[in-house]
Amino acid sequence: MSSLLILLLLLCITSYIKEKNVLNPKFIFNFIWFITLSLYELKISYIQQDLSDRTIFIFWICILCYNITISFLEAIKFPRIKKKNHVRNYKKRRKIAKYIVIIIFLLEILYSKGLPSIWKITGNSKIYFDYGIPSLHGAWCGLVICLGAYSLLRKTKDKWLYLAFSILIVSRQLIMSIIIEGFIYALYIRNVKIKSEWLNRTNKIKTGFIVIALILIVAMFTAIGNFRSGSGVMNRVFRARENIVLSSATQWFYSYMTFSVSNFNNLVSITQGSINHGATMLNDFLPTVLLNIFNIEVKYSPRYIISRNYTVSTYLASIYLDFGITGIGIFNSFIAFLGYSLYKNIKYKKTPRDVLLYSVYAHNIILLFFINFYLYLPVIIQIFYIPFLFGGKRTENVYNR
């Protein structure tokens with residue numbers, strides 16, 4: 001494991017020196033892996049076990065396939081294609097989308113007969129998973145994230161609207177996604193619009209933005225987690241080792257950063273993978289209505305989870321169950337190609353569409369320790385919303401307030 005951590009650290013350093021940007025796909029990918037595995041090595045909970053040689057080998061495959069693919073693409077030096085800009089205003093579409101979000105929100109309250117936040121306050125037996133209209137709820141969540149990220153750091157009241165929806169339905173994932181995508185979007189858009197003003201302060205401001213985003217995510221994740229489950233429950237299920245006392249926020253952060261690795265390691269110990277042949281990925285991606293129609297069977301779905309309280313298992317589990325180690329290598333090469341293409345695009349033309357698409361990609365990479373958001377419909381559906389709401393080419397002044 002130590003050699004893998006050294007490699008990751010070197011890759012982080014070299015990618016930053018080359019790009020001078022911590023938001024480039026190579027740095028994000030290697031940094032998240034480095035932080036996750038470094039924290040795991042601390043083993044401050046009894047839930048964590050030693051990683052098997054096969055699990056570590058799979059991690060090597062992930063990191064090498066991703067980095068080699070991007071390095072290969074960088075070496076090819078594809079010619080830049082210049083596109084003509086067509087001015088077109090999509091504000092009306094975004095305004096209509098906002099009203100659609102509000103209408104669906106009200107319909108879901110009627111359908112579910114209440115809100116998760118109200119249920120919790122009143123002691124109702126219903127929980128978060130009882131809320132929402134099946135299939136439609138996932139599409140609604142994607143629209144909330146998309147519009148919320150775009151408006152998060154703009155001078156508009158809309159940003160509070162989308163965060164309010166997320167808080168009312170007690171969704172940590174919605175809040176987390178809006179903040180991550182919103183900060184990444186704002187960093188790129190602001191930097192290009194007022195470059196001369198920020199020229200000497202860009203790196204400091206970027207660092208400050210990232211730190212603030214992390215603090216907000218941890219704080220909200222902790223607050224909502226304690227509201228939904230209670231801090232006492234967290235203390236019991238975390239199972240910290242002797243003489244280790246951690247705050248509730250630290251427990252939430254550490255558990256979700258590392259326990260998914262324990263789940264994946266446990267999965268590797270009970271199966272050689274490549275047993276579901278695509279069924280797991282379809283089960284993750286398809287809407288609930290279609291899942292019920294096709295009745296897709298998935299093996300090992302709940303059995304490898306080390307605790308019923310920690311149900312995430314990194315972005316690797318579904319790919320491993322479907323296509324084994326070979327599938328994992330191919331998938332990491334694919335997301336490397338995708339990241340390189342999107343990042344190269346925003347280096348030359350920073351339209352709202354281009355930056356938001358990259359923000360979705362970066363969001364998925366930042367949370368790769370958590371779950372595979374590339375196969376999670378409420379997040380990935382944004383790739384269909386963004387071109388419709390922000391156009392295919394330059395649509396307006398990118399910093400229009």
Side-chain angles (χ1 to χ4, degrees), residues 88-120 126-186 189 213 216-217 220-221 224 228 285-289 351-353 355-357 359-360 363-364 367 373 376-392 395-396 400-401:
R88 188 176 177 184
N89 199 314
Y90 283 76
K91 287 184 178 179
K92 187 175 181 180
R93 288 188 181 183
R94 293 195 290 272
K95 188 174 182 179
I96 293 172
K98 179 177 72 173
Y99 290 125
I100 290 174
V101 165
I102 295 172
I103 291 170
I104 294 177
F105 177 70
L106 296 175
L107 290 175
E108 290 199 310
I109 292 176
L110 294 174
Y111 178 86
S112 307
K113 297 181 176 60
L115 283 165
S117 55
I118 304 300
W119 296 337
K120 184 65 179 179
K126 286 186 176 181
I127 59 175
Y128 168 77
F129 298 103
D130 296 316
Y131 176 79
I133 302 172
S135 298
L136 181 61
H137 183 67
W140 177 84
C141 287
L143 195 55
V144 169
I145 296 171
C146 176
L147 295 172
Y150 175 70
S151 61
L152 183 64
L153 294 175
R154 292 167 61 87
K155 291 179 180 177
T156 171
K157 295 179 180 179
D158 286 357
K159 58 186 171 187
W160 305 117
L161 176 68
Y162 304 114
L163 285 175
F165 287 150
S166 307
I167 294 171
L168 287 171
I169 68 171
V170 199
S171 174
R172 288 174 291 187
Q173 187 260 310
L174 276 185
I175 294 173
M176 187 167 54
S177 296
I178 289 173
I179 292 175
I180 292 175
E181 291 186 21
F183 271 78
I184 293 172
Y185 174 78
I189 292 298
L216 285 173
I217 290 170
M220 289 189 175
F221 202 81
I224 293 179
R228 282 169 58 171
F285 183 74
L286 290 178
T288 306
V289 172
T351 67
R353 186 205 72 154
V355 179
L356 279 171
L357 286 174
S359 297
V360 175
H363 163 276
N364 295 355
L367 297 176
F373 278 113
Y376 186 63
L377 193 58
V379 168
I380 207 64
I381 197 173
Q382 292 178 88
I383 66 174
F384 300 104
Y385 291 148
I386 290 170
F388 181 77
L389 297 175
F390 298 93
T395 59
E396 59 182 91
N400 181 23
R401 290 294 190 178

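FYI, side chains are in, hydrogens and waters are out, and symmetry mates aren't considered; it's all heavy atoms of this structure. A quick note: this is a predicted structure, and the numbers were derived from the prediction, not measured.
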Could you pull out the closest heavy-atom pair between P352 and F390, with the gap in Å? CB-CD2, 3.9 Å

For the residue pair G182 and L153, what are the closest heavy atoms and their distance? O-CD1, 4.3 Å

Quick one: closest heavy-atom pair of L163 and I178, and the distance? CD2-CG2, 4.1 Å

Validation row: L147, L161 side chains within 4.5 angstrom (heavy atoms): no

How long is the straight-line distance from CD1 of I386 back to OG1 of T351, given to the nearest 0.5 Å? 10.0 Å

To the nearest 0.5 Å, how far apart are CD in Q173 and CG in L367? 8.5 Å

Do S112 and W119 have side chains that approach each other closer than 4.5 Å (heavy atoms only, starting at C-beta)? yes

On a heavy-atom basis, the closest approach of G132 and Y111 is O-CE2, 3.4 Å

Would you find a donor on one side and an acceptor on the other, under 3.5 Å apart, between the side chain of S171 and the backbone of I167? no

Quick one: closest heavy-atom pair of V379 and S177, and the distance? CG2-OG, 4.4 Å

Min side-chain heavy-atom separation L389-C146 under 4.5 Å: yes

Side chains of Y376 and N364: does their closest heavy-atom pair fall under 4.5 Å? no

Ring pair (Phe, Tyr, Trp, His ring centres under 6.0 Å) partner of F165, the single match among F105, W160, Y131: F105

Contact check, side chains of F373 and I380, non-hydrogen atoms, under 4.5 Å: no

Spatial distance of atom CG (D158) from atom NZ (K95) [nearest 0.5 Å]: 10.0 Å

Just wondering, do I169 and E108 contact through their side chains at under 4.5 Å, heavy atoms? no

Step-by-step ring pair (Phe, Tyr, Trp, His ring centres under 6.0 Å) determination, Y385 to F388: CA-CA 5 Å; Y385 291 148; F388 181 77; 8.6 Å; no

So, taking the atom named CZ in R154 and the one named CG in L152, what distance separates them when rounded to the nearest 0.5 Å? 11.5 Å

Within this structure, what is the CH2-CD1 distance for the pair W140 and I381, rounded to the nearest 0.5 Å? 13.0 Å

NE2 of H363 to CD1 of I184: how many Å apart, nearest 0.5 Å? 8.5 Å

Looking at every non-hydrogen atom in both residues, tell me the closest pair between P387 and Q382 and how far apart they are. CD-O, 4.4 Å

